[in-house]
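Remarks on the structure that follows.
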Amino acid sequence: MKPGRSTLKIGELATGQDLELNLFEFAPEVLTGPSVYIQANVHGAEVQGNAVIYQLMQALESCELRGKITLVPLANPLGINQKSGEFTLGRFDPITGVNWNREYLDHKLDIASWYQGHKHLNDAELIAHFRALLVERCYSRLHEPWGITTGHRLAVSLQQMGHEADIVLDLHTGPKSCKHLYCPEYDKDAAKYFSIPYTLLIPNEFGGAMDESIFCPWWQLSEYLATQGREIEVPVSAFTLELGSQENVDLADALVDVEGIMAYLSQRGVISERVEPAEMPRYACYLKDYKKYHAPLGGLVEYKAKVGQPLLAGEPLANILRVDRYGEEDAIVPLSLPVDCVPVLHFASASVYQGTELYKVMTKVFAL
């Protein structure tokens, strides 16, 4: 099956031209499985997700599909084209300074009041009405009479498509990073299907990201219903897949991630084919134990700790070179951490200000 192709207008440029996204859709004649929404490259330099979508579409062409799959590569054309010399910027909206992945709509629903008007519905009807509410709120936000910012318009347009799906995958990369998965705590069993060694388990707290914008309202609904003696499992799944380092495209490595995505889609019944997950050790920590280490002084950094490799307390993390202090004891300052950890990513540049977020590390790591 070949995918259908369409475009979605997400704004207008200063020249008056339409700003559009390319959408690809695989849709079987009869829908019997969950629907899926996958996007990549919300941050300009995080391009590897496009390679994964490309390889995934090739794999899906020979599959028997049960559910609809919508794919949006190059999801942020403004960020992708935000260049400075040889480098892609594209992490922050240049107009507002807001992170492109923190622009999504926080619905802030009064779930108790909403439920009072819908508690007579059966579970399937309740889910359908709640989904329609989320989609409508995105639509209303996009048509706000006072207008919204360019970045928020892009994000809510993507979010609206995500709310229409049962499964949402947001493909990102880090600066210099190993592969890792952001997974809601209620869905941690899903982590064993993806070809990703490290998982961050996130709570029911909206921090502005795409995955949270999708699952938080449903999780809040499920928790409220439990207080009313009504048990409904959270009916949507949303994950952020961090696929390595930015400014890098690796089509061969993309196939590894495609196998993991296909294994998950197989397990969920989106495709008929049986795809087994990769045999590999997988580890996790809770988001509260995912720590940031900031540079204690400015200088030039020699990154010693390798991402994705466990680091014992006191082992070398990095050296900071202060050439201006040549001949003095503090010309080279060794850095280490007081706890065992797994470095997940580090800053892309070797020159840093004091206070730069130098490393992010997992602590209190456990096997999944």
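Everything numeric here is computed off the predicted structure, so don't read it as measured data.
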Which atom names give the shortest non-hydrogen contact between Leu142 and Ser157, and what distance separates them?
CD2-OG, 3.7 Å

Evaluate whether atom OH of Tyr139 has more than 12 neighbouring non-hydrogen atoms of other residues, nucleotides or ligands under 6.0 angstrom away.
no

Report, one line per pair, each donor and acceptor closer than 3.5 Å where one atom sits in a side chain of residues 19-30; sequence neighbours left out.
none

Which pairs of donor and acceptor atoms, one on a side chain in residues 205-217, lie under 3.5 Å apart (sequence neighbours left out)?
residue, atom, partner, partner atom, Å
Asp211, OD2, Thr240, OG1, 3.0
Glu212, OE1, Gly207, N, 2.8
Glu212, OE1, Gly208, N, 3.2
Glu212, OE1, Ala209, N, 3.1
Ser213, OG, Met210, O, 2.7

Is a salt bridge present between Glu164 and Arg131, judged by a nitrogen-to-oxygen distance below 4.0 Å?
no

Any luck finding a side-chain donor-acceptor pair between Ser140 and Glu136 under 3.5 Å?
yes

In Å and rounded to the nearest 0.5 Å, what is the CG to CD distance from Leu251 to Gln55?
5.0 Å

Is the shortest heavy-atom distance from the side chain of His107 to the side chain of Gln159 under 4.5 Å?
yes

Main-chain N/O of His43 paired to Asn41 side chain as donor or acceptor, under 3.5 Å
yes

Rounded to the nearest 0.5 angstrom, the CG-CG distance for Asp93 and Leu154 is 9.0 Å

Please say yes or no: joined through hydrophobic side-chain contacts below 4.5 Å, possibly via intermediate residues, are Leu78 and Leu74 part of one cluster?
no

Minimum heavy-atom distance between Val301 and Ala318, given as atom pair plus value:
CG1-CB, 4.0 Å

From CG (Leu221) to CZ (Arg230), nearest 0.5 Å:
9.0 Å

Short question: side chain of Ser35, backbone of Asp166 - any donor-acceptor pair under 3.5 Å?
yes

Phe130 and Trp218 aromatic ring geometry - parallel, tilted or perpendicular at 30°/60° bounds
perpendicular

If two hydrophobic side chains count as joined below 4.5 Å and joins carry through other members, does Met57 share a cluster with Leu65?
yes

Taking side chain as C-beta onward, heavy atoms only, is Phe194 less than 4.5 Å from Leu169?
yes

Over all heavy atoms of both residues, which pair between Val352 and Ala295 is shortest? Give the atoms and the distance, please.
CG2-CB, 4.1 Å

Could you walk me through whether Val42 and Leu158 pass the side chain to side chain contact (heavy atoms under 4.5 Å, CB included) test, one step at a time?
CA-CA 10 Å; Val42 165; Leu158 298 173; 4.2 Å; yes

Count I, L, V, M, F, W, Y as connected when their side-chain heavy atoms are under 4.5 Å apart, and connections chain through other members. Are Leu126 and Val234 then in the same cluster?
yes

If you count every heavy atom of other residues, nucleotides or ligands that lies below 6.0 Å from Lys360 atom NZ, does the total exceed 12?
yes

Mind checking side chain to side chain contact (heavy atoms under 4.5 Å, CB included) for Ile332 and listing every partner two or more places apart, or none if nothing turns up?
Asn319, Leu321

Around atom NZ of Lys83, are there more than 12 heavy atoms of other residues, nucleotides or ligands at under 6.0 Å?
yes

Is there a side-chain contact between Val307 and Ser177, using heavy atoms and a 4.5 Å cut-off?
no

Could you see if Ile38 belongs to whatever hydrophobic cluster contains Tyr193? Use Ile, Leu, Val, Met, Phe, Trp, Tyr and a side-chain cutoff under 4.5 Å.
yes

Ser222 side chain vs Ile232 backbone, donor-acceptor pair below 3.5 Å:
yes

Any side-chain to backbone donor/acceptor pair from Glu12 onto Asp18? Under 3.5 Å, distance only.
no

Mind listing the closest non-hydrogen atom pair of Glu61 and Lys2 along with its distance?
OE1-NZ, 3.0 Å

Criterion side chain to side chain contact (heavy atoms under 4.5 Å, CB included) on Glu273 and Met262, from CA distance to verdict:
CA-CA 9 Å; Glu273 288 76 8; Met262 292 287 282; over 6 Å; no

Using the rule given for side chain to side chain contact (heavy atoms under 4.5 Å, CB included), can you reason through Ile95 versus Thr149, listing the C-alpha separation, both sets of side-chain angles and the distance that settles it, and then say yes or no?
CA-CA 9 Å; Ile95 300 171; Thr149 66; over 6 Å; no

Tyr290 and His180, any side-chain heavy atoms less than 4.5 Å apart:
yes

Separation between CD (Glu242) and OG1 (Thr199), nearest 0.5 Å, reads 12.0 Å

Check the surroundings of atom OH in Tyr54: do more than 12 heavy atoms from other residues, nucleotides or ligands lie under 6.0 Å from it?
no

Shortest non-hydrogen separation from Gln48 to Leu243 and the atoms involved:
CG-O, 4.0 Å

Asp187 side chain vs Pro184 backbone, donor-acceptor pair below 3.5 Å:
no

Could you tell me if the side chain of Leu337 sits less than 4.5 Å from the side chain of Tyr293, heavy atoms only?
yes

Using a cut-off of 6.0 Å, state whether more than 12 heavy atoms not belonging to His129 lie near its atom NE2.
no

Can you tell me how far the NZ atom of Lys306 sits from the SG atom of Cys178, to the nearest 0.5 Å?
13.0 Å

Charged N-O contact under 4.0 Å between Arg66 and Glu64
no

Taking the side chain as C-beta and beyond, is there a heavy-atom pair between Arg322 and Leu297 under 4.5 Å?
yes

Pairs where residues 172-185 contributes a residue and the test salt bridge (Lys or Arg N to Asp or Glu O under 4.0 Å) is met, not counting sequence neighbours
Lys179-Asp253, Lys179-Asp257

Least distance between heavy atoms, Thr88 atom then Ile80 atom
CG2-O, 3.8 Å

Evaluate side chain to side chain contact (heavy atoms under 4.5 Å, CB included) for Leu311 paired with Leu317, printing each intermediate quantity in order.
CA-CA 8 Å; Leu311 186 74; Leu317 180 73; 3.9 Å; yes

Can you measure from CG (Leu201) to NZ (Lys288) and round to the nearest 0.5 angstrom?
10.5 Å

Using side chain to side chain contact (heavy atoms under 4.5 Å, CB included) as the criterion, list what pairs up with Arg268, not counting sequence neighbours.
Pro34, Ile167, Ser237, Tyr264, Val270

Is Glu329 atom CD crowded by more than 12 heavy atoms from other residues, nucleotides or ligands, each under 6.0 Å away?
no

Residues passing the side chain to side chain contact (heavy atoms under 4.5 Å, CB included) test with Ser84, sequence neighbours excluded, are Leu89

Can you find a pair of side-chain heavy atoms, one from Cys285 and one from Leu200, that are under 4.5 Å apart?
yes

Check the orientation of Tyr303 and Tyr359. Use parallel for under 30°, tilted for 30 to 60°, and perpendicular for over 60°.
perpendicular

I'd like to know if Ile196 and Leu368 are part of one continuous hydrophobic network [Ile/Leu/Val/Met/Phe/Trp/Tyr, side-chain heavy atoms within less than 4.5 Å].
no

Given side chains that start at C-beta, do those of Arg282 and Leu181 come closer than 4.5 Å, heavy atoms only?
no

Treating Tyr37 as the side-chain partner and His163 as the backbone partner, does any N or O pair qualify as donor plus acceptor under 3.5 Å?
no

